[in-house]
**Student:** 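Can you keep this structure in mind? I'll have questions shortly.
Both counts, for ligands and for their atoms, begin at 1 and track the order of listing.
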Amino acid sequence: MFTPAELLEINTLLTPESKIVILTHYNPDGDAIGSSLGLKHYLKAKGLLAEVIVPNDFPKFLKWMPEAKKVLIAEYKRKVAFDLISEADVIFCLDFNSPSRIGLLGDWLTKAKAKKILIDHHQQPENFDYVYSDTVIPATCQMIYHFIQAMDDEKLVNKDIAECLYTGIMTDTGGFRFRSTSATTHRIVANLIENGADPAMITSNTWDTNTVSRLHLLALILGRIEVVKDGKVAVLYLTREELKEYGFQKGDTEGFVNYGLSILGVKMAAFFMEDLYEDFIKISFRSKDDMDVNQFSRKYFNGGGHINAAGGKSLESLQDTIVTFKAKVEEEDNL
Ligand code: 5GP
Ligand code: MN
């Protein structure tokens, strides 16, 4: 948590006259949107206005969240986003650890005169004016709750805040299953339910949103899943042609990589996908126990993230990327 002195300073920065912006990472997920909107609703409950800006669009299954439709998507409104960031007094940076994770906003953030406040749970955060980083906490949404507690404002938690924070904790813990899910996480979730978060509604709005084409895509990749390194590494992939053929929409492949990890004996799964528009391969890594995919991805695939969930990129062809990957896992001692 921020030190008491930092919390006092942050408090003095947050006035009704302050221009407050909340930023989150490229390809925003449930935790990114949940923490950003959760913080916005908290600030609103304190009588403060804030603008949430994301680098690019986010999946439809997150748009039910209160005020999700008011999130400013910078790829569609560059000038407005640029002006807001340049003129801000305070910028909250949520669920990312480096300006390089927010696409075109990174440069604007670096040059902005605002005080920058980081709240994030990824490994190896870069420098910001105020840093609350804890890589053991499963979701940035949980950190927003701790921030609200540290500001002595738990009484302000209302239904809007509760729904947003619940969503991010639910998605980033894979439904309260992943390793860093703690008793504290569950206590906070209990408070969120008491303050208006409805688990059945949130689960159904967020997860029961399959389209037939998404299930067909899933069937396709499950049908050719490959296991290497003595059954310890699962490999999944999708080509651009396949994405086009199945009418891919943002968010359609979310969670696919976890099927690889669910195979008995598998310690690491990798999902390779050609980008629909640009010439690169987006990679998702997931792992169990001490297999550190943050380090692996940083070392070989220009990426990073958490110990057990990370992402990366490759400029090689899909086939070459997979060949390189298989060679690297063969050399890996932790598998
Ligand atoms: P996903 O596989 O769901 O896209 O990402 C898993 C985790 O890794 C997320 O926490 C995400 O923020 C992080 N991540 C994904 N792609 C990248 C990347 O290219 N660079 C870094 N540093 N982190 C990434
Ligand atoms: Mn997160």
**Student:** Do any of the N/O/S atoms of Asp29, backbone or side chain, fall under 2.8 Å from the Mn ion (ligand 2)?
**Tutor:**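 So Asp29 does not bind the Mn ion (ligand 2) by this criterion.
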**Student:** Heavy-atom cut-off of under 4.0 Å around ligand 1: list whichever protein residues fall inside it, by chain and number.
**Tutor:**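 Under the 4.0 Å cut-off, ligand 1 touches Arg101, His122, Lys282, Ser284, Arg286, Gly303, Gly304, Gly305, His306, Ala309, Ala310, Gly311, Gly312, Lys313.
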**Student:** If I take every N, O or S atom of His122, is at least one of them less than 2.8 Å from the Mn ion (ligand 2)?
**Tutor:**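 No.
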**Student:** side-chain contact (heavy atoms from CB on, under 4.5 Å) with Tyr145: which of Ile169, Leu192, Thr140?
**Tutor:**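 Result: among Ile169, Leu192, Thr140, Leu192 is the only option passing the side-chain contact (heavy atoms from CB on, under 4.5 Å) with Tyr145.
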**Student:** Before accepting this row, confirm whether a basic side-chain N of the pair Asp83/Lys19 lies closer than 4.0 Å to the acidic partner's carboxylate O.
**Tutor:**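 Not counted as a salt bridge, because no side-chain N and carboxylate O are separated by less than 4.0 Å.
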**Student:** Salt bridge between Lys159 and Glu163, side-chain N to carboxylate O under 4.0 Å?
**Tutor:**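 The answer is yes: the pair qualifies as a salt bridge.
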**Student:** Any luck finding a side-chain donor-acceptor pair between Arg298 and Gln124 under 3.5 Å?
**Tutor:**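 Yes - a donor-acceptor pair under 3.5 Å links their side chains.
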**Student:** Restricting to N, O or S atoms of Asp172, which is nearest to the Mn ion (ligand 2)?
**Tutor:**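 Restricting Asp172 to its N, O and S atoms, the minimum distance to the Mn ion (ligand 2) goes to OD2.
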**Student:** Can you tell if the side chain of Leu220 reaches within under 4.5 Å of the side chain of Leu238, non-hydrogen atoms only?
**Tutor:**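 Yes, close enough: below the 4.5 Å cut-off.
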**Student:** Going by an N to O cut-off under 4.0 Å, is there a salt bridge joining Glu75 and Lys250?
**Tutor:**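 Here Glu75 does not pair with Lys250 in a salt bridge, since their nearest N and O are not under 4.0 Å apart.
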**Student:** Using a distance threshold of 2.8 Å, state whether an N, O or S atom of Asp95 lies below it from the Mn ion (ligand 2).
**Tutor:**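 Short answer: yes, at least one N, O or S atom is under the cut-off.
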**Student:** Think Arg286 forms a cation-pi with Phe271, using NZ or CZ under 6.0 Å from the six-ring centre and within 45 degrees of its axis?
**Tutor:**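 So Arg286 doesn't make the cation-pi contact.
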**Student:** Using 4.0 Å as the upper bound for N to carboxylate O, is an ion pair formed by Lys44 and Glu67?
**Tutor:**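 Judged by the 4.0 Å cut-off on N to carboxylate O distance, Glu67 and Lys44 do form a salt bridge.
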**Student:** Among the N/O/S atoms of Asp31, select the one at the shortest distance from the Mn ion (ligand 2) and name it.
**Tutor:**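 Looking at Asp31, the N, O or S atom with the least distance to the Mn ion (ligand 2) is OD2.
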